[in-house]
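In what follows, a single structure is set out as structure tokens and then discussed.
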Amino acid sequence: MEGSLFDTCVASYLLDPERRDHSLGYLIEGEYGFSLPELKSQTKAAKKEDAGLFGEETVPPACSRAEGVLKVQESLEGRLREDGLLDLYNRVEAPLIAVLADMEEAGVRIDVDFFLRMSENLSTALNKIEKKIYDLAGEQFNIRSNKQLAGILFDKLGLPYGRKTKTGYSTSQDLLENLSSEHELPRWVLDYRELFKLKSTYVDALPHLVSDKTGKIHTNFNQTVVATGRLSSSQPNLQNIPMRTELGREVRKGFIADKGYALLSLDYSQVELRILAHLTGEEKLRDAYVRGEDIHRATAALIFGVEPEAVTGEMRNAAKMVNYGLLYGMSAYGLSRRLGISREEAMEFVQGYSASLPKVKKWKDSNLDSVREEGYTTTLMGRRRYIRDIRATDRSRREFAERAAINSPIQGSAADMIKLAMVNIHKELAGMNSRAKMTIQIHDELLLQVPEEEIEKICSMAKEKMVTALELDVPIEVDAGWGPTWYDAHH
DNA sequence: CACTAGTGCAA
DNA sequence: TATTGCACTAGTG
């Protein structure tokens with residue numbers, strides 16, 4: 001049932017890029033008269049009832065959808081061919097539909113008791129922090145309300161306020177960090193927020209999403225949402241499970257393998273930077289990767305004009321920011337903010353970078369020219385993203401469009417690569433008659449549940465498929481790890 | 001209940 | 001004034 005719907009959605013997504021952000025909603029709206037919010041609430045309700053995409057009452061017959069697909073097939077195929085998207089559709093997007101369906105159906109097991117224990121621990125800790133905050137504030141208030149919090153911090157305690165938002169003073173993390181040198185309270189609020197976030201979004205929410213039928217969590221992998229070609233995940237979003245802080249990372253201990261199985265994680269190493277090296281044809285970047293060098297160290301050596309051995313931690317960090325900033329089309333001003341340096345210094349870094357890696361700047365310029373000319377960006381497999389605002393007269397709109405135009409071919413090519421790898425791995429697993437299953441994709445990582453005795457075999461097979469999905473001028477590397485939980489699968 | 005704003009999690 | 005998402009809570013009408 002979902003297959004035919006998704007078939008049409010994928011086609012409409014490839015063919016109608018102006019509407020791709022809403023292609024599912026557009027389709028449903030057009031064909032069945034649902035508004036977007038209605039669609040959202042219906043899919044949510046249906047998910048809760050475990051009754052399919054829509055509630056029973058509102059399900060349009062599967063055959064009418066199939067008929068609809070058939071009616072538009074010919075004209076859509078013609079347009080795919082015209083735009084050179086047939087290969088992408090036939091080799092990647094169409095076969096991926098079944099792969100995603102299998103992943104959603106396979107689901108992932110969570111340790112409900114683990115989350116219940118963690119929830120209690122968080123409650124205890126939150127209560128203590130709450131008391132401390134009320135004590136410091138001299139009154140009780142809702143710590144989660146930015147309005148009330150701003151009242152305490154800026155009106156009552158008289159702390160220096162930063163930027164204002166549409167509705168009042170900002171209480172953002174960034175700002176509270178700076179304020180923590182002035183007063184004890186901001187630090188406690190930050191701690192409170194971290195714990196509350198973990199508890200409400202992950203620890204308490206996930207156990208409620210376990211299916212009665214399978215005892216597992218079944219996310220939705222949305223194929224027609226992200227403008228660059230990535231997947232998104234919803235209900236729940238399994239692509240934003242905490243990783244950075246130690247406490248947050250604990251959540252991953254709650255994602256477990258079935259008995260007799262292990263979770264195998266495979267992730268592309270710096271795939272977007274490698275794609276940048278490939279797209280730009282910059283030999284210095286390519287050679288660094290060919291030689292297996294530390295790319296940030298190598299970049300630092302070039303920017304600062306020193307030997308790689310002489311690069312300090314600080315220099316490497318600055319180079320890392322420049323490298324990643326590049327992927328997002330960051331300005332010298334943005335870089336200066338991130339590194340806490342002056343704009344002049346940041347400008348020097350950028351100039352140093354352009355001087356030693358001239359082809360990166362050349363690529364950016366020619367890419368922007370082509371977007372202005374054609375109106376869209378292109379990935380390695382020809383996937384398009386239309387960028388209307390590239391000619392906007394409003395400067396901030398235009399600059400936003402320019403950043404998207406720089407980022408899209410890179411992010412989108414990485415999406416092409418992992419999607420193709422997923423299709424190939426899925427095919428191979430079927431051929432091997434393996435019990436291993438792909439369960440989650442997180443943009444540059446694949447999580448598989450694998451029978452313990454097959455781990456090494458599956459690991460090397462999947463790694464090979466990921467590394468060879470697209471042939472680039474730059475070597476592609478994949479890191480792998482496995483264990484009884486998602487936490488353990490990362491080394 | 002529908003909706004927006006602010007915030008924060010991931011790659 | 002760094003890209004792409006999803007979701008939680010508060011607050012408005």
Side-chain angles (χ1 to χ4, degrees), chain A residues 21 35-38 40-41 44 141-150 163-176 189-190 192-206 209 219-222 225-245 247-249 251-252 267-273 276 321-339 343 346 350 377 385 387 395-396 398-412 414-415 418 440-446:
Chain A
D21 286 352
S35 73
L36 210 55
E38 276 170 340
K40 273 189 186 163
S41 66
K44 269 195 180 164
F141 65 102
N142 188 344
I143 305 164
R144 298 176 303 280
S145 161
N146 298 319
K147 198 176 164 191
Q148 294 182 39
L149 179 62
R163 67 187 175 86
K164 294 188 83 168
T165 62
K166 282 176 189 170
T167 54
Y169 299 111
S170 169
T171 64
S172 67
Q173 201 167 62
D174 183 45
L175 200 133
L176 262 42
V189 172
L190 288 169
Y192 180 91
R193 280 192 182 160
E194 184 188 353
L195 268 56
F196 195 90
K197 174 83 178 179
L198 290 175
K199 186 170 186 292
S200 65
T201 306
Y202 305 102
V203 177
D204 288 347
L206 290 171
L209 294 169
T219 186
N220 294 332
F221 285 109
N222 313 302
V225 169
V226 185
T228 56
R230 276 185 175 183
L231 299 176
S232 79
S233 157
S234 57
Q235 298 175 43
N237 181 357
L238 293 185
Q239 291 178 323
N240 72 341
I241 303 302
M243 178 69 162
R244 282 169 193 171
T245 70
L247 185 67
R249 208 167 171 156
V251 172
R252 294 182 175 229
D267 67 292
Y268 281 113
S269 162
Q270 299 174 342
V271 67
E272 293 194 352
L273 282 175
L276 177 79
M321 293 289 230
V322 174
N323 278 331
Y324 278 98
L326 214 71
L327 302 178
Y328 306 135
M330 190 170 57
S331 64
Y333 176 79
L335 184 66
S336 71
R337 287 288 303 268
R338 299 260 160 172
L339 288 173
R343 203 151 127 193
V350 173
T377 63
R385 178 180 181 181
I387 300 188
R395 197 170 75 141
S396 73
R398 190 178 60 247
E399 287 177 349
F400 194 85
E402 286 171 356
R403 293 195 294 275
I406 291 165
N407 177 258
S408 295
I410 302 166
Q411 192 183 114
I418 195 167
I440 307 178
Q441 186 251 47
I442 317 100
H443 311 307
D444 66 358
E445 173 187 0
L446 293 176

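To find a chain, count down the sequence lines: A is the first, B the second, and so on, and within it residues start at 1.
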Flag for [Y]-[X]: side-chain donor and acceptor within less than 3.5 Å:
{"X": "A:Gln239", "Y": "A:Ser232", "value": "no"}
{"X": "A:Ser408", "Y": "A:Thr228", "value": "no"}
{"X": "A:Ser200", "Y": "A:Arg144", "value": "no"}
{"X": "A:Ser233", "Y": "A:Asn220", "value": "no"}

What does [X] touch in the nucleic acid at a heavy-atom separation under 4.0 angstrom: a base, only the sugar-phosphate, or nothing?
{"X": "A:Gly325", "result": "base"}
{"X": "A:Asn142", "result": "sugar-phosphate"}
{"X": "A:Phe400", "result": "sugar-phosphate"}
{"X": "A:Glu445", "result": "nothing"}
{"X": "A:Ile442", "result": "sugar-phosphate"}
{"X": "A:Lys166", "result": "sugar-phosphate"}
{"X": "A:Ser396", "result": "nothing"}
{"X": "A:Ser408", "result": "nothing"}
{"X": "A:Arg338", "result": "base"}
{"X": "A:Phe196", "result": "sugar-phosphate"}
{"X": "A:Ser336", "result": "nothing"}
{"X": "A:Glu399", "result": "nothing"}

Quiz prompt | Ion pair check, A:Glu194 and A:Arg244, cut-off under 4.0 Å | solution =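 Looking at A:Glu194 and A:Arg244, the cut-off is not met.
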OP1 or OP2 of [N] versus the side-chain N and O atoms of [X]: is any pair under 4.0 Å?
{"X": "A:Ser145", "N": "C:dG11", "value": "yes"}
{"X": "A:Ser170", "N": "B:dT7", "value": "yes"}
{"X": "A:Ser233", "N": "C:dG5", "value": "no"}
{"X": "A:Arg337", "N": "C:dT1", "value": "no"}
{"X": "A:Lys199", "N": "B:dG8", "value": "no"}
{"X": "A:Gln173", "N": "B:dC9", "value": "yes"}
{"X": "A:Ser234", "N": "C:dG5", "value": "no"}

Provide, to the nearest angstrom, the distance between the [atom1] atom belonging to [X] and the [atom2] atom belonging to [N].
{"X": "A:Phe141", "N": "C:dA10", "atom1": "CZ", "atom2": "P", "result": "13 Å"}
{"X": "A:Ile143", "N": "C:dT9", "atom1": "CD1", "atom2": "C1'", "result": "13 Å"}
{"X": "A:Leu206", "N": "C:dA7", "atom1": "CG", "atom2": "C1'", "result": "12 Å"}
{"X": "A:Gln235", "N": "C:dG5", "atom1": "CD", "atom2": "P", "result": "17 Å"}
{"X": "A:Ile241", "N": "C:dC8", "atom1": "CD1", "atom2": "C1'", "result": "14 Å"}
{"X": "A:Asp444", "N": "B:dA10", "atom1": "CG", "atom2": "C1'", "result": "10 Å"}
{"X": "A:Gln270", "N": "C:dT3", "atom1": "CD", "atom2": "C1'", "result": "17 Å"}
{"X": "A:Arg144", "N": "B:dA5", "atom1": "CZ", "atom2": "C1'", "result": "17 Å"}

Could you check which of [options] has an atom nearest any side-chain atom of [X]?
{"X": "A:Arg163", "options": "C:dT4, B:dT7, B:dC9", "answer": "B:dT7"}
{"X": "A:Arg385", "options": "B:dT7, C:dT4, C:dA7", "answer": "C:dT4"}
{"X": "A:Pro242", "options": "B:dC9, C:dA7, C:dA2", "answer": "B:dC9"}
{"X": "A:Ala404", "options": "C:dT1, C:dC6, C:dT4", "answer": "C:dT4"}
{"X": "A:Met243", "options": "B:dA10, B:dT7, C:dA10", "answer": "B:dA10"}
{"X": "A:Gln148", "options": "C:dG11, C:dG5, C:dT9", "answer": "C:dG11"}
{"X": "A:Arg230", "options": "B:dA11, C:dT9, B:dG6", "answer": "B:dA11"}
{"X": "A:Arg193", "options": "B:dG8, B:dA11, C:dA7", "answer": "B:dG8"}
{"X": "A:Thr165", "options": "B:dT7, C:dC6, C:dC8", "answer": "B:dT7"}

Exercise. In whole angstrom, give me the gap between the P atoms of C:dT1 and B:dA5.
Key: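 Rounded to whole Å, the distance is 16 Å.
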Quiz item: Can a donor-acceptor pair under 3.5 Å be found between the side-chain atoms of A:Asn237 and the base atoms of C:dC6?
Solution: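 For A:Asn237, whose side chain was compared with the base of C:dC6, there is no donor-acceptor pair (under 3.5 Å).
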If we ignore hydrogens and angles and just use 3.5 Å, is the side chain of [X] paired with the main-chain N or O of [Y] as donor and acceptor?
{"X": "A:Tyr202", "Y": "A:Asn240", "result": "yes"}
{"X": "A:Arg252", "Y": "A:Ile241", "result": "yes"}
{"X": "A:Ser234", "Y": "A:Pro236", "result": "no"}

Quiz item: Closest nucleotide of DNA chain C for A:Gly334 versus for A:Ser232: which of these residues is on the 5' side?
Solution: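 Counting from the 5' end, the first nearest nucleotide belongs to A:Gly334.
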